[in-house]
Amino acid sequence: MAGYEPKEIERRWQRVWADERTWEVANPGQPGYEEGKPKSYVLEMLPYPSGEPHVGHLKCYAVGDSIAHFRRRHGFEVIHPMGYDSFGLPAENNAIKTGEPPRVATERSIESFRRQFREWGISIDWSRELATHTPEYYRWTQWIFLQLFENDLAYRTEAPVQWCPKDATVLANEQVVDGRCERCGTEVVQRNLEQWFFRITEYADRLLEDFEALESWPEHVITMQRNWIGRSEGAEVVFRCDEVDLDFPVFTTRPDTLFGATFFVLAPEHPELERLVAGTAAEAEVREYVNRVGRESAEERGAEDREKTGVPLGRSVVNPVNGEEIPMFVADYVLMEYGTGAIMAVPGHDSRDYEFAQRFGLPVKRVIAGEDPEAARGDDGLPYPGDGEMTGSGRFDGKDNREAYDEIVAWLGSEGRGRPAVNYRLRDWLVSRQRYWGAPIPVVYCDECGIVPVPEDQLPVELPEVEDYAPQGKSPLAAAEEWVATDCPRCGGAARRETDTMDTFVDSSWYFLRYLDAQNRAAAWDREAADFWMPVDQYIGGVEHAILHLMYARFFTKALADLGHLGVQEPFANLFTQGMITRDGAKMSKSKGNTVSPGDYVERYGADTARTYVCFMGPPERGGDWTDEGVEGVNRFLSRLWRLCEEAEERTQAGEPDAAAEGQARELVAKAHWAIDKATRDFQRGFQFNTVISAVMELVNDAYRLKDGLYGTDEGGAAVRFATATAASLIFPFAPHLGSEVYERLTGDRVWERPWPEADPDLLASDTVTLVVQVNGKLRDRIEAPAETPKEELLRLARASEKVAKHLNGQQIVKEIVVPGKLVNLVVR
RNA sequence: GCCGGAGUGGCGGAACUGGCAUACGCGAUCGACUCAAAAUCGAUUGCCCUUGCGGGCUUGUGGGUUCGAAUCCCACCUCCGGCACCA
């Protein structure tokens, strides 16, 4: 008998799947389309092709592929495509270092990913493959940009933006982590620049509301997005500064504390600051303060234990609720980018305002009764952030603050001094990048006509070849003079092309739609094809995309639906986030030298072992630590299944197992049905692949234990063959090559063409049960009893047990609990 | 600070609706096969006491509910992730 040779087996089946194009599916109306079959769109996040795939990729695609196989065998027409998110900084930075064009390095990496996906045996419909850096793809990225532009969802404006000095480009808010560039870790600085934005804030409420429409997303991902959008309801209230004849609106979530406002604070970037202090005694000090704050990084400014700082302006505003004049300050704890960049300060009921008041000796006024022992710092129990009866609030005194809330806002409204308002933390999505390796933004600038979109029939605006990829504070494209100089599509006069490129997150915000009609040369996708396949039924990827990619893709889907290009509001009905694999308890990184190359393990143990191992390590949504011993354990299991197959093929006959079999034959067949049942349920219950695989291991273990006693008879042999083929069928989603091989050898059939097996309920039920006997809740004996034994008989058996009698030792039984089929508990006193 | 998630053998983890805690895998020990080793097959393996039979203890800690708690409730501790001067 030959040993388990995964290489040979895997090559053989990979050839079959490639030659027969097994995993390709047709759109409605195309040849090969099967009417009436339900569809399922199974999608893993597309990889960013840089170097070679790592274990994170292996896990993601192993998990997704097992789901695709499971669904196919449940009668679904499964679309399972693959592509590459192939624009982006790393390829460009590599180009700057080595001089190798980004396209060359990227395409080499794509080739490597493609080869490994085939070697892993992932069931991909290759006819739908795409790469976002190809003109065939980004032509449509540009088309979407124009769709947004023409519908006022893309706009160009000057705004304070986050600039990474190292990568020499602006970044979206979402790409700044702790005040640092997400990619390179450099501290970002604020700059005022004219940039392209997508109006995602327009969709803030719908992005929040439609969480309801999702079938199954991890709760923490929804929470993260909800926090990121950061919706808060409140009111806008106008404070007036008569001295300079200016109104200062503020946003507050606590209009009920308006009577407690004792001072007023502007952000250092506030545009009216200059006017307020020009020519006054405060001017020099304010200017110095603003400059100092401007030099500080976002990280310094946001530091937790930072003392409150600020400077009085020597001006005051009038509180609209009581006419009180309150002094104005500039302080960096007020942020220009949130609300109106100005706040009313209520030190009695806000801890930050309280801190500031303490430092500057400002009055603290209580306007809500109540005490919060946790938050209170002052002697009088202030600041108090909670609810209670209003006090010191004129006509509102004595009212419950929550009840008075709307009343105050309505009253202010009638006076023209306020209105209900909603604020978001979410900012519009900044999409322009001063970099080379991305999709050009398809607009031109004409002295006569201004910003002019490139007409659709002139797309794509192709990325020109350049010599120097290094950014010089503007896009490297600016150096491609011949490309930049163009004619205005509107007036025909001289014009210049936009030289910024799009954020790569734009590319990946719609790729799941292109798969549906990847060869379409006339449109980004056919509406009918999109209506048929969308939404993605199961999306799989890393949790690191919880905010960025997943929120942008949701926004795109809604915008495209509004423009009539799609019939769904949400792209991903179900989301599964896989946990990260570590090594020696630490995140893998080249600098730590603890990376695992999937290729090496596939070479040594085969793809089936590598794939099954990452699914067996633990629940896939959680992380796990990679160990070579664990890999070997899984390899041992697959080898055992292989040897069992070899032996069964030789020593048993093909055919169905005997339903009337008894004894060990029945035991093994029953175990196979138990494994079917458990594997199916655990698969459906949140993709608990680790226990699915352990059930198959148990089945194989039992087959080994029983096989030598079964080979002699027809019914025994049939039981072994059935158990082995069943194990192959159940392990197929994880180890598709070995599963196919074993199943074909024992049944003559191709396992992926066979429906997923169903457990026979008759074989799941056992004739006898092990009755657990407890005394006062403690296990004292186990008794075998027929399954249908009545309660009284079970009690009699329990009392008759010698072991039980010892623990009863003459005490009186005060209570008897019988759970039929499970246990008897005797309570004594 | 706020919001999530998690604490179970030497290790990764299992336990469905409150009912046999520790499935499966790793590691370890012993045995068979072998001249030998590897591979393979088989047995043992939570901790403590006991020669044995057997007994006691055990799911982060403390309390509660219950005939019965890893599971439900209360308080606390630790770790991981996200957000954080957001008015």
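So you know, we letter chains A, B, ... as the sequences are listed, proteins then strands, and number each from 1.
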**OP:** May I ask you to say whether A:Lys707 pairs ionically with A:Glu647, meaning some side-chain N is under 4.0 Å from a carboxylate O?
**Re:** yes
Subject >> Under 3.5 Å donor-acceptor pair, A:Asn227 side-chain atoms to B:C83 base atoms >> reply: no
**OP:** Please work out if A:Arg780 contacts a base, only the sugar-phosphate, or nothing of the nucleic acid, heavy-atom cut-off 4.0 Å.
**Re:** sugar-phosphate
**OP:** Round to the nearest Å and state the distance from A:Phe683 atom CZ to B:C16 atom C1'.
**Re:** 18 Å
Original post:
How would you list all residue pairs meeting salt bridge (charged side-chain N to carboxylate O under 4.0 Å, His left out) that involve residues 614-625 of chain A, not counting sequence neighbours?
Top reply: none
Original post:
Given the P atoms of B:G42 and B:C47, what is the spacing between them in whole Å?
Top reply: 24 Å
Original post:
What is the distance from CZ of A:Phe248 to P of B:A87, rounded to the nearest Å?
Top reply: 21 Å
Subject >> Residue closer to the 5' end of RNA chain B, A:Ile343 versus A:Val827 (nearest nucleotide) >> reply: A:Val827
Original post:
At under 4.0 Å between heavy atoms, what does A:Val543 touch on the DNA or RNA strands: base, sugar-phosphate, or nothing?
Top reply: nothing
Original post:
Distance only, no hydrogens: is a donor on one side chain within 3.5 Å (strictly under) of an acceptor on the other, for A:Glu355 and A:Tyr333?
Top reply: no
**OP:** Name the nucleic acid region contacted by A:Lys308, choosing base, sugar-phosphate or nothing; use a 4.0 angstrom heavy-atom cut-off, strictly under.
**Re:** base
Original post:
For the side chain of A:Arg681 and the base of B:C16, is some donor closer than 3.5 Å to an acceptor across the two?
Top reply: yes
**OP:** Summarise how protein sits on nucleotides 22-31 of chain B as a single string, 5' to 3': B when a protein heavy atom is under 4.0 Å from the base, S for sugar-phosphate-only contact, - for no contact.
**Re:** -BBSSS----
Original post:
Between the side chains of A:Ser232 and A:Tyr338, does any donor sit under 3.5 Å from an acceptor?
Top reply: yes
**OP:** With salt bridge (Lys or Arg N to Asp or Glu O under 4.0 Å) as the test, would you mind laying out the steps for A:Glu698 and A:Lys678 before giving the verdict?
**Re:** CA-CA 11 Å; A:Glu698 282 196 54; A:Lys678 169 135 180 91; over 6 Å; no
Original post:
What distance separates A:Thr627 OG1 from A:Tyr613 OH, expressed to the nearest 0.5 Å?
Top reply: 3.5 Å
Original post:
Where does B:G62 land, syn or anti, given syn is within 90° of 0?
Top reply: anti
**OP:** Have a look at A:Glu236 and say if it touches a base, only the backbone sugar-phosphate, or nothing, with a 4.0 Å heavy-atom cut-off.
**Re:** nothing
Subject >> Nearest-angstrom distance from the residue atom CG of A:Asn825 to C1' of B:G18 >> reply: 13 Å
Subject >> Pairs satisfying salt bridge (charged side-chain N to carboxylate O under 4.0 Å, His left out), at least one member in residues 338-347 of chain A, at least two apart >> reply: none
Original post:
When the C1' atoms of B:A32 and B:A69 are considered, how many whole Å apart are they?
Top reply: 44 Å
Subject >> Which residue lies more 5' along RNA chain B, comparing A:Ser639 with A:Thr252 via nearest heavy atoms >> reply: A:Ser639
